[in-house]
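What you see below is based on every heavy atom in this structure, not just the backbone, and it leaves out hydrogens, waters and symmetry mates. Residue numbers run from 1 in the order of the sequence given.
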Amino acid sequence: MANFQMDPDWLRYHPDPTKPRYIPPSGAVDAHCHVFGPGDVFPYAPERKYTPCDAGKEQLFSLRDFLGFERNVIVQATCHGADNRALVDALHAAGDRARGIATVRDTVTNGELAELHDAGVRGVRFNFVRRLVDPKPDAYYRAIIDRIAPLGWQVVIYFEAADLEERWDFFTSLPTTVVVDHMGRPDVSQPVDGPQFGRFIRFMTEHENVVSKVSCPERLSRSGPPNYDDVVPFARTLVERFPERVLWGTDWPHPNMKDHMPDDGALVDIIPRIAPSEELQRKLLVDNPMRLYWR
C-alpha cells in the first residue's frame, strides 16, 4: 500500500464553503473538476510534479450537491499522469451524472480507449504548462488525436497566454472540438481589449471548433478574493461574444494554489456577474456542457 505525503506547502480545499446565494438552473454542470486519489487506493504517478492532499469522489459529489449542481465533468489530474483509474472509478460511481476527460499516452490501445469511452470519457487533455508537465513534440499529440477522433472525443488544452502565439499553428490545426482551460490564462492586469486577450478572441472568432472554460478566477486574479473583480470582464466578454461556446467549472479541489484557497460558494456567486441573463446562464451551465458531453 502506497503512503504519500502531500507537499509541505500544499493548500487543502476549503473545509466549509459558504452556501451560494446564486441558485444554478436545473441540470447545471460543473464542467471542470478533479479527483485526487485517495493515494493508497489510486497511487499518484511517479513522474508527477506535485503531491496533493487526497480529494476523492465522495467529497466531490458532496460539493456538487451542496452547490446546487447536478452533473460533473471530471478532468484527469496531472498528479495521476496517464493512470486514469481514479477518474474511471468516479465515473462509474456517478453513473450518468458525470463525464470524464482522460490523459493517455501515444501507446494507448484501442481496447483501452473503448473502456474509457464506456466509462464516460469524452476527451483527452493536453497540458502545455511547463511547471506542471514536460510538453511533448506536436507529433506525439497528433498520434493521439488520430486515435481518438473516431470516438468523437474532444481535445482539452491547458496553456498560458504566451503559449498561444508560440503554438498557434498547432492549436489552430486541431480537427476536433478544442476546449481551452481557463480562458488560456490571460494576464488580467492587461486591458481586456488589449493585444494579448485580443489574440485569444481571434483564436475563438476564426475557429468555431474552439470552446473556452470561463473558470478559475482565483488563479488569474490580482485583486483577489472573494470577488475577483479584475477577472470578471474577461470572462463576461467571452460569455457574451461566444454564448454557445463557453463552459464553467469550479476546478475543485483547486490544485497548486499557493496564496489562498477559494471558497467554492463564492465562486458560484460570480456566475451571474459573468453571465448576466438567465439565457446566458442556461447556455453556460446546461445547454453547452450537455451538448458537448451527454450527446
Side-chain angles (χ1 to χ4, degrees), residues 1-7 10-15 29-67 69 71-109 111-127 129 132-134 144 148 151 153-156 158 179 181 213 215-216 249-257 261 264 289 293-294:
M1 181 178 297
N3 181 22
F4 293 95
Q5 297 295 322
M6 72 178 187
D7 294 341
W10 189 267
L11 297 182
R12 292 182 179 270
Y13 54 86
H14 200 294
V29 180
D30 174 355
H32 187 95
C33 52
H34 310 280
V35 288
F36 296 159
D40 61 348
V41 180
F42 303 109
Y44 300 115
E47 71 274 16
R48 69 191 182 280
K49 293 198 174 183
Y50 63 87
T51 303
C53 66
D54 289 337
K57 61 182 184 292
E58 294 85 3
Q59 291 84 5
L60 174 63
F61 298 154
S62 176
L63 181 73
R64 173 199 65 197
D65 297 343
F66 177 77
L67 296 178
F69 288 77
R71 294 179 173 86
N72 299 103
V73 180
I74 307 172
V75 178
Q76 172 77 347
T78 58
C79 60
H80 279 293
D83 180 350
N84 295 282
R85 286 178 294 171
L87 168 64
V88 168
D89 175 71
L91 294 176
H92 283 311
D96 196 48
R97 297 182 69 182
R99 293 289 186 265
I101 301 296
T103 296
V104 301
R105 298 190 177 97
D106 58 350
T107 55
V108 67
T109 69
E112 289 167 337
L113 289 174
E115 289 179 5
L116 290 171
H117 188 85
D118 290 344
V121 170
R122 294 296 180 266
V124 295
R125 190 190 199 203
F126 297 150
N127 191 328
V129 179
L132 298 177
V133 297
D134 297 315
I144 294 173
I148 67 165
L151 294 169
W153 287 10
Q154 62 181 233
V155 169
V156 178
Y158 185 29
V179 178
D181 283 343
K213 294 173 187 170
S215 48
C216 284
T250 58
D251 194 35
W252 187 90
H254 311 287
N256 291 297
M257 290 294 295
M261 180 51 58
D264 295 281
Y293 298 104
W294 274 268

Indicate the atoms forming the closest heavy-atom contact of Pro255 with Tyr50, along with that distance.
CB-OH, 4.3 Å

State, with a plain yes or no, whether a side-chain heavy atom of Leu116 is found less than 4.5 Å away from one of Leu87.
no

Under the salt bridge (charged side-chain N to carboxylate O under 4.0 Å, His left out) rule, collect the residues that match up with Asp118, sequence neighbours excluded.
none

Heavy-atom side-chain contact between Phe66 and Asp264 under 4.5 Å
no

Would you name the heavy atoms of Val35 and Gly56 that are closest together and state the gap between them?
CG1-C, 4.1 Å

Can any side-chain N or O of Asn72 pair as donor or acceptor with the backbone N or O of Ala98 at less than 3.5 Å?
no

Identify, with sequence neighbours excluded, every residue that meets side chain to side chain contact (heavy atoms under 4.5 Å, CB included) alongside Gln59.
Tyr13, Trp252

For Ala82, is there any backbone N or O sitting under 3.5 Å from a side-chain donor or acceptor partner on Asn84?
yes

Would Trp10 and Asn256 satisfy side-chain contact (heavy atoms from CB on, under 4.5 Å), going step by step from the backbone distance to the final call?
CA-CA 7 Å; Trp10 189 267; Asn256 291 297; 3.5 Å; yes

Which heavy-atom pair separates Cys53 from Met6 by the least distance, and what is that distance?
CB-SD, 3.6 Å

Does anything in residues 80-95 pair up under salt bridge (Lys or Arg N to Asp or Glu O under 4.0 Å), and if so which pairs, sequence neighbours excluded?
Lys57-Asp89, Asp83-Arg85

Search all heavy atoms of Val124 against all heavy atoms of Ile148 and return the closest pair with its distance.
CG2-CD1, 3.5 Å

Indicate yes or no: does Arg48 engage Asp7 in a salt bridge with an N to O separation below 4.0 Å.
no

Which residues share a salt bridge (charged side-chain N to carboxylate O under 4.0 Å, His left out) with Asp251, sequence neighbours left out:
Arg219

Which heavy atom of Phe36 sits nearest a heavy atom of Pro253, and at what distance?
CE1-CG, 3.3 Å

Please verify the inter-ring angle class for His32 with His34; under 30° counts as parallel, over 60° as perpendicular, anything in between as tilted.
perpendicular

Can you pull out every ring pair (Phe, Tyr, Trp, His ring centres under 6.0 Å) where at least one residue sits in residues 72-96? Sequence neighbours excluded, please.
Tyr44-His80

Under the side-chain hydrogen bond (donor to acceptor under 3.5 Å, both in side chains) rule, collect the residues that match up with Arg71, sequence neighbours excluded.
none

Would you indicate whether the side-chain heavy atoms of Thr51 and Gln5 approach each other to under 4.5 Å?
no

Under 3.5 Å, is there a donor-acceptor pair between the side chain of Arg122 and the main chain of His117?
yes

Between the side chains of Asp30 and Thr250, is a donor N or O closer than 3.5 angstrom to an acceptor N or O?
yes

